[in-house]
Number of protein chains: 2
Amino acid sequence: MPETLIRKLEHVAALSEQEKRVVIEAVVRTRDLRSDEDLIREGEQPAECHVILDGVLCRYKLLREGKRQITGFQITGDLCDLCGLLMGRMDHSVGTLTCATVGVIPHQTLRDIMECHPRLTRALWQETLIDASIAREWVTNIGRRTAYQRLAHLLCEMSVRLRAVGRITDGMSFEWLLTQSEVADAMGLSTVHVNRVLQQLRSQRLIVMQGDEIRVLDWDRLREAGGFTPDYLFLVQTLGKVEW
Amino acid sequence: MPETLIRKLEHVAALSEQEKRVVIEAVVRTRDLRSDEDLIREGEQPAECHVILDGVLCRYKLLREGKRQITGFQITGDLCDLCGLLMGRMDHSVGTLTCATVGVIPHQTLRDIMECHPRLTRALWQETLIDASIAREWVTNIGRRTAYQRLAHLLCEMSVRLRAVGRITDGMSFEWLLTQSEVADAMGLSTVHVNRVLQQLRSQRLIVMQGDEIRVLDWDRLREAGGFTPDYLFLVQTLGKVEW
DNA sequence: CGCCATATTGATCGGGGTCAACGGCTGTGG
DNA sequence: CCACAGCCGTTGACCCCGATCAATATGGCG
């Protein structure tokens, strides 16, 4: 299972066999979560970190008025609470959107790694920087794009990220278990509008939704519609310059 | 000058005298920039990092249609391009909004630090995590708050950050050299609307703008209006639990 | 003094929010 | 096996926040 994390870390830097072993052994146990469960809440001071082994989680913040903003989706291979280790406190919550399995890594193990394995440390740091890069792209997406562009962009991002962790079933389909209300909270839109815009994307024949799967029918037009460039995901090393 | 960086790093962790010396010596020269000048552009692969010693810079992205989104403001003490070092390539541009002075740190120096000074490395990592935290807060701000709330929130953030680096002149005033168009690009709004909302904030007697200074007249109501909580800035250690 | 960037104001428009109702699916309990 | 509840997706009507367009101050600067 922790291979997913290794694959992730190797996106940005090669690891030695010894380092890989350290990563694998870092996960002391796994934990199964049901849908709509919080893994960590804003303000908490956790004693362990989590790697997602399966499922979809999200980072989110709640506003006083009861609104919610999802600030990022997390999928297989993602580390979801390194900031709990480094900063000692979470600035946001992390919760599941589907049932999920996470690997547990004690903080002490990570502290040891930071002490003894500079290359691993660097790889972990890079993961957090990619996270930051995605957050900046989301600011741009929400701040300056229309709802139609935003959703196209989100679908591109998720499609590329899911591909990078082997979650694209056939050429262009991936599992999609998010509700429209969750997508709305992520994109700064209302549920109703997400519904209408998804219909547009379908009627434009950019995607089809069949059951809990989305299939991209026309990657180029979807990318164009969202103004999507995958550079900010820093995945090129593994994927190569294939079709983007 | 580099004391500003030290102060920043010490916000999150104490440093030894030796570590402080390393930081001070890391800055090999300074560079003066005029207003509206790019320090680094998206896609570039820089060979040095920069600490802001004076002035205001911003991270930004340009969209195809010519729109711009500013994803964060950078002030004295901020490191603006650590991702250039770690990721090897910038996912966004950094440019000045005022004339500015930056300290230059060669990548090689930082690589040495990452090799030999785990505590310093950790402090630098924390800086990038705070940056990410701010970006997430901006996603929330832009995604789920009205223009009025957004601007109030931005003013709170800048006010707290400027205070932390000693840029609050008297009790509640700070220099404000940003144009309304720049604020608009940061908050995902139009220039016209920023103008109107700023007028509201003034007529509500939350702030006054005199020349290139903003004075907060009623911190509590401003904070309330923006739904602002400073936790995400991770500055409590230095500021203590004073008035927030 | 004239130029240019920025701030301000007014008028109009439209993207997307809000409210409300309805349909479909699933799970649950009698 | 069916009735019902609850969640989610869908649709329609209406409204408003904020964009857009355009014109007019304002102020620093060569």
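In what follows, chains are A, B, ... by sequence order, proteins preceding strands, each numbered from 1. Because the structure is a prediction, the values reported are computed rather than measured.
- Computed from coordinates, the B:Tyr148 OH to D:dC16 C1' distance equals 18 Å when rounded to whole Å.
- In the set D:dC8, C:dA7, C:dG16, the nucleotide with an atom closest to the side chain of A:Thr179 is D:dC8.
- Residue contacts shown for A:Gly188 are limited to sugar-phosphate atoms, with no base heavy atom under 4.0 Å away.
- With A:Arg59 as reference, A:Asp131 is the one residue of A:Ile40, A:Asp131, A:Ile70 to meet the side chain to side chain contact (heavy atoms under 4.5 Å, CB included) rule.
- Within 4.0 Å (heavy atoms only), A:Leu189 reaches sugar-phosphate atoms of the nucleic acid but no base atom.
- Of the candidates D:dG9, C:dA7, C:dG17, the closest approach to any side-chain atom of A:His193 belongs to C:dG17.
- For the pair B:Gln200 CD and D:dC17 P, the interatomic distance rounds to 10 Å; values are reported in whole Å.
- Using a 4.0 Å heavy-atom cutoff across all strands shown, A:Val197 reaches no nucleic acid atom at all.
- Within the 4.0 angstrom heavy-atom criterion, base atoms lie near B:Ser190.
- Tested against A:Cys83, the residues A:Asp91, A:Thr128, A:Val94 include a single side chain to side chain contact (heavy atoms under 4.5 Å, CB included) partner, A:Asp91.
- Nucleotide D:dC8 holds its P atom 16 Å from the CH2 atom of A:Trp176, rounded to whole Å.
- In A:Arg202, the CZ atom is crowded: over 12 heavy atoms of neighbouring residues, nucleotides or ligands sit closer than 6.0 Å.
- Note on B:Thr146: only backbone sugar-phosphate atoms sit closer than 4.0 angstrom, heavy atoms only; bases stay farther off.
- Using a 3.5 Å distance cut-off with no hydrogens or angles, the side chains of A:Asn195 and A:Gln199 do pair a donor with an acceptor.
- For B:Arg64, the CZ atom sits in a packed shell: over 12 heavy atoms of surrounding residues, nucleotides or ligands are nearer than 6.0 Å.
- For D:dT11, one of the phosphate oxygens OP1 or OP2 lies less than 4.0 angstrom from a side-chain nitrogen or oxygen of A:Gln199.
- The residue among A:Val192 and A:Ala147 whose nearest nucleotide of DNA chain C is located toward the 5' end is A:Ala147.
- Using a 4.0 Å heavy-atom criterion, one finds that B:Arg202 contacts the sugar-phosphate atoms exclusively.
- Side-chain nitrogen and oxygen atoms of B:Asn195 include at least one within less than 4.0 Å of the OP1 or OP2 phosphate oxygen of C:dT8.
- A straight line from CZ of B:Arg34 to P of C:dA5 spans 14 Å, rounded to a whole angstrom.
- Put simply, CD on B:Gln180 is 16 Å from P on D:dG18, counting in whole angstrom units.
- Across the protein-nucleic acid pair, B:Arg144 atom CZ and C:dG16 atom P stand 13 Å apart, rounded to whole Å.
- When the P atom of C:dG17 is taken as reference, atom CE of A:Met187 falls 13 Å away, rounded to whole Å.
- Within the 4.0 angstrom heavy-atom criterion, no nucleotide atom of any strand lies near A:Arg145.
- Look at CZ on B:Arg196: it is 10 Å from C1' on D:dA19, rounded to the nearest Å.
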